[in-house]
Amino acid sequence: MINVKLPDGSIKELEDNSTVADLAGSISEGLKRNSVAAEVNGQIADIGTILKDNDEVRILTSKDPASLEVLRHSTAHIMAQAVQRLYPNAKVAIGPSIENGFYYDFDIADHQLKPEDLPKIEDEMKKIIKEDQIFAKVDVKDVNAQIEEFKNKGEIYKAELMTEHAEHNPTLYMNKSKDGNIVWNDFCRGPHLPSSKFVKSFKLLTVAGAYWRGNEQNKMLQRIYATAFWTKEELDAHLLRLEEAEKRDHRKLANQLDLFSIREEVGSGLILWHANLSVVRESIEEYWRTEHRKRGYDIVYSPHIAKSQLWDISGHNEHFRENMFYMTVDEQDYVLKPMNCPFHILMYQAKRHSYRNLPIRMAELGTVYRYERSGALHGMTRVRGFTQDDAHIFCTPDQFVSEINRIIDFVDDTLSMFGMKYSVELSTRPDNYVGTLDVWDKAEAGLKEALDSKNISYEINEADGAFYGPKIDFKLTDAIGRTWQGATIQLDFNLPIRFDLKYTDKDGSLQTPVMIHRVIFGTMERFIGILIEHYAGAFPTWLAPEQVTLVPISERHVEYAEEVHSMLRDAGIRVNLDDRSESMNYKIREAQVRKVPYMLVMGDKEVEDKKVAIRSKEKGNLGTVTAEEFLAQILEEVRSKGKTKIGE
RNA sequence: GCCGACAUAGCUCAGUCGGUAGAGCAACAGUUUCGUAAACUGUAGGUCUGGGGUUCGAUUCCCCAUGUCGGCUCCA
């Protein structure tokens with residue numbers, strides 16, 4: 001007999017070799033029927049898992065969120081089986097569950113999967129589900145024989161994976177039909193559902209290309225992305241969420257709200273900022289400048305091109321030649337700047353520095369150009385010409401930890417002000433690093449110390465830092481859940497040496513300063529692109545291109561509206577007088593569609609009382625006040641950046 | 001860059017099994033002067049992304065290019 005511990009702390013006695021299913025059955029028939037997987041000693045496992053003495057077991061039903069990935073992974077197996085039934089030459093690669101769904105990669109020599117194939121595959125999957133196939137886990141006893149079998153069947157990807165996992169007790173999952181025959185199998189660690197019949201609500205979404213093992217040198221496979229949920233309601237809700245998210249896409253809103261455009265005759269990845277979005281940018285840049293001055297930064301400007309030799313010194317020609325724009329004028333080679341650092345470094349070098357005047361914090365809204373590969377371009381979030389809110393901090397080795405702390409605060413203050421959430425990643429020393437081990441260790445410890453002291457949770461990307469230094473990245477998420485690099489803080493042990501930077505220390509000796517690269521927004525393009533999605537195009541008043549629309553009800557109210565118009569405009573409010581001979585309802589609707597925060601309606605009553613009727617985009621009619629009162633309120637809303645709002 | 005899909009009026013989209021296109025909104029003109037999300041009538045607007053090919057004839061079929069979209073890869 002064995003004893004197992006349940007989540008409530010109780011101990012259950014079972015026969016030797018009992019499985020999770022037996023345990024479930026010993027508790028209740030209903031639980032046995034509904035159990036789909038288990039958590040055994042913290043690991044997700046099949047209900048067929050044989051329990052040992054003292055195991056801690058939590059039985060998972062479909063109610064448990066942890067069961068969802070089991071469902072999805074099993075659905076992936078069913079999809080792979082369906083694909084192989086329909087396309088017998090299909091070879092399977094890998095098919096994991098991912099956030100919000102799963103995928104499976106195939107190599108199909110004689111067929112290119114098309115969107116129209118997806119319903120056919122779905123139908124085949126439904127058949128497999130109906131067949132009530134059992135997922136049976138089997139240990140691979142003779143690994144070499146199994147590899148040979150995979151090879152004989154042409155399953156070269158499975159053979160390759162099995163070869164690598166030969167030492168890790170590989171297991172197969174056999175799909176058995178009702179009569180006990182093995183109808184399909186896959187090399188897999190599991191876990192899986194007890195049977196295919198547990199799968200009810202799934203949808204195949206898209207076909208895509210993906211390199212085998214994510215390596216560009218390898219063959220490109222065909223990937224099907226799909227998702228699965230326990231109920232149709234959850235699936236429908238998920239699909240609806242996707243649809244809703246698409247409406248927030250900054251590329252869609254760009255047209256609707258006249259924000260920006262990208263023109264073929266200008267070039268890919270080059271943004272035309274229309275007047276509306278330029279207002280948003282201008283407001284953000286003004287905020288940026290004010291904050292930088294407050295926090296001890298110097299703001300500078302540098303040219304957009306420099307002679308190629310500068311980029312030899314910096315090393316960019318060597319590392320990023322493929323991604324830079326070159327031009328030749330009067331037999332002299334120039335480069336369109338891909339970074340601002342060399343300019344800031346040269347400004348640092350313009351005079352001698354003492355430890356007394358460090359740190360020097362040099363900031364610039366620097367527009368740079370990089371030749372990104374065409375397939376990587378994406379709206380405003382991945383472009384070829386963009387403005388970084390760049391800064392470089394030159395400091396002593398004793399100062400960089402406190403400088404990093406200051407920057408983390410700066411990033412958090414800024415993103416919080418916009419209500420944007422972020423996740424943090426710390427990347428450590430790669431193999432091809434420059435500099436010395438003790439400096440790297442100190443730097444990494446310093447970055448960790450800074451994050452820990454602020455209770456910021458972060459993931460560590462081992463060996464993923466730049467060759468010149470470790471870094472902290474802040475990731476932002478767009479409307480459809482894609483994550484983008486936003487703020488970043490990077491230590492650099494390389495450029496100070498390449499440019500031979502120095503400062504005079506206390507003892508009169510010349511020392512090399514530590515250099516920190518950092519951006520807060522990342523780039524104006526990407527940040528504002530994500531901001532559009534964050535607000536779904538409805539910018540808060542301090543950023544709104546048009547803050548107020550004046551709606552005179554008929555022509556006889558226009559004269560009064562003009563008075564209000566000039567008063568608000570003179571006070572710096574972005575106000576638009578809609579004096580077209582359209583109905584009031586029409587003007588209000590248009591202003592709502594343009595997402596204007598406030599409308600002031602003026603008819604006979606308002607003209608007579610010298611007042612305005614405020615309509616908020618969000619809250620509707622807010623009642624009547626004098627134009628002066630409204631002005632005071634909106635100025636306060638703008639000044640506080642939305643902390644106070646009219647009508648709240 | 002790679003795999004795949006797509007490209008029709010300013011915008012959103014329909015259409016042509018090969019016989020050179022249509023709607024709504026927007027624009028413009030006129031009528032209407034209105035109380036919190038669309039007044040009415042009319043006018044104009046398209047070498048159907050570009051270049052080749054097949055064909056009596058191509059927006060439609062084929063090829064190439066460009067761009068966009070979904071992914072992969074990359075991202076100093």
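Each chain gets a letter, A, B and so on, in the order its sequence line appears, and its residues count up from 1.
- The cationic group of A:R384 lies under 6.0 Å from the six-membered ring centre of A:Y371 and within 45° of the ring axis, placing it in a cation-pi geometry.
- For B:C6 and B:U16, the P atoms lie 16 Å apart once the distance is rounded to whole Å.
- A distance of about 16 Å separates the C1' atoms of B:A7 and B:C64, rounded to the whole Å.
- Contact annotation for A:E606: base contact, defined as any heavy-atom pair under 4.0 Å involving a base atom.
- With both pairing distances under 3.5 Å, B:C75 is matched to nothing as a Watson-Crick or G-U wobble pair.
- Going from the C1' atom of B:C25 to that of B:A37 covers 15 Å, rounded to whole Å.
- You'll find the ring centres of A:F102 and A:Y104 outside the 6.0 Å limit.
- If you check every strand for non-hydrogen atoms under 4.0 Å, A:G603 touches a base.
- In this structure, A:R72 forms a cation-pi arrangement with A:F229, its terminal cationic atom sitting closer than 6.0 Å to the ring centre and no more than 45° off the ring axis.
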Provide a list of protein-nucleic acid N or O atom pairs under 3.5 angstrom, restricted to nucleotides 31-34 of chain B.
{"residue": "B:U32", "atom": "O4", "partner": "A:S581", "partner atom": "OG", "Å": "2.7"}
{"residue": "B:U33", "atom": "O2", "partner": "A:E555", "partner atom": "N", "Å": "2.9"}
{"residue": "B:U33", "atom": "N3", "partner": "A:E555", "partner atom": "OE2", "Å": "3.1"}
{"residue": "B:U33", "atom": "O4", "partner": "A:E555", "partner atom": "OE2", "Å": "2.1"}
{"residue": "B:C34", "atom": "OP2", "partner": "A:R556", "partner atom": "NH1", "Å": "3.1"}
{"residue": "B:C34", "atom": "OP2", "partner": "A:R556", "partner atom": "NH2", "Å": "2.9"}
{"residue": "B:C34", "atom": "N4", "partner": "A:E582", "partner atom": "O", "Å": "3.4"}

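- In this structure, B:A39 forms a base pair with B:U31, meeting either the Watson-Crick or the G-U wobble geometry with both donor-acceptor distances under 3.5 Å.
- Stacking of A:R580 on the aromatic ring of A:Y586 is not recorded, the 6.0 Å distance cut-off and the 45° axial limit not both being met.
- A 3.5 Å limit on both hydrogen-bonding distances identifies B:C13 as the Watson-Crick or G-U partner of B:G22.
- Under a 4.0 Å N-O distance rule, the pair A:R526/A:E533 does not qualify as a salt bridge.
- Test A:F474, A:F521, A:W484 against A:Y422 for ring-ring contact (aromatic ring centres under 6.0 Å, His included) and you get one pass: A:F474.
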Inset, instruction - Give the intermediate values and the outcome of side chain to side chain donor-acceptor pair (under 3.5 Å) for residues A:Y157 and A:D107. - result: CA-CA 9 Å; A:Y157 305 100; A:D107 180 3; 2.6 Å; yes

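- A:Q547 CD to A:L568 CG: the interatomic distance, rounded to the nearest 0.5 Å, is 10.0 Å.
- Within the nucleic acid shown, A:A613 comes within 4.0 Å of at least one base atom, counting heavy atoms only.
- B:U41 sits 13 Å from B:A26 when the P atoms are compared, rounded to a whole Å.
- Residue contacts for A:K605: at a heavy-atom cut-off of 4.0 Å it reaches a base atom on one of the strands shown.
- Across all strands, A:S314 comes closer than 4.0 Å to no nucleic acid atom at all (heavy-atom distances).
- Taking CD1 of A:I121 as the reference point, atom CD of A:E116 lies at 11.0 Å (rounded to 0.5 Å).
- If you check every strand for non-hydrogen atoms under 4.0 Å, A:Q112 touches sugar and phosphate atoms only.
- Between A:Y586 and B:A26 there is a side-chain N or O to OP1 or OP2 distance below 4.0 Å.
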Legend entry - Contact pattern, 5' to 3', of nucleotides 70-76 of chain B - B, S or - by protein heavy atom under 4.0 Å: BBBBBBB

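- Nucleotides B:C2 and B:C11 are separated by 33 Å at their C1' atoms, to the nearest Å.
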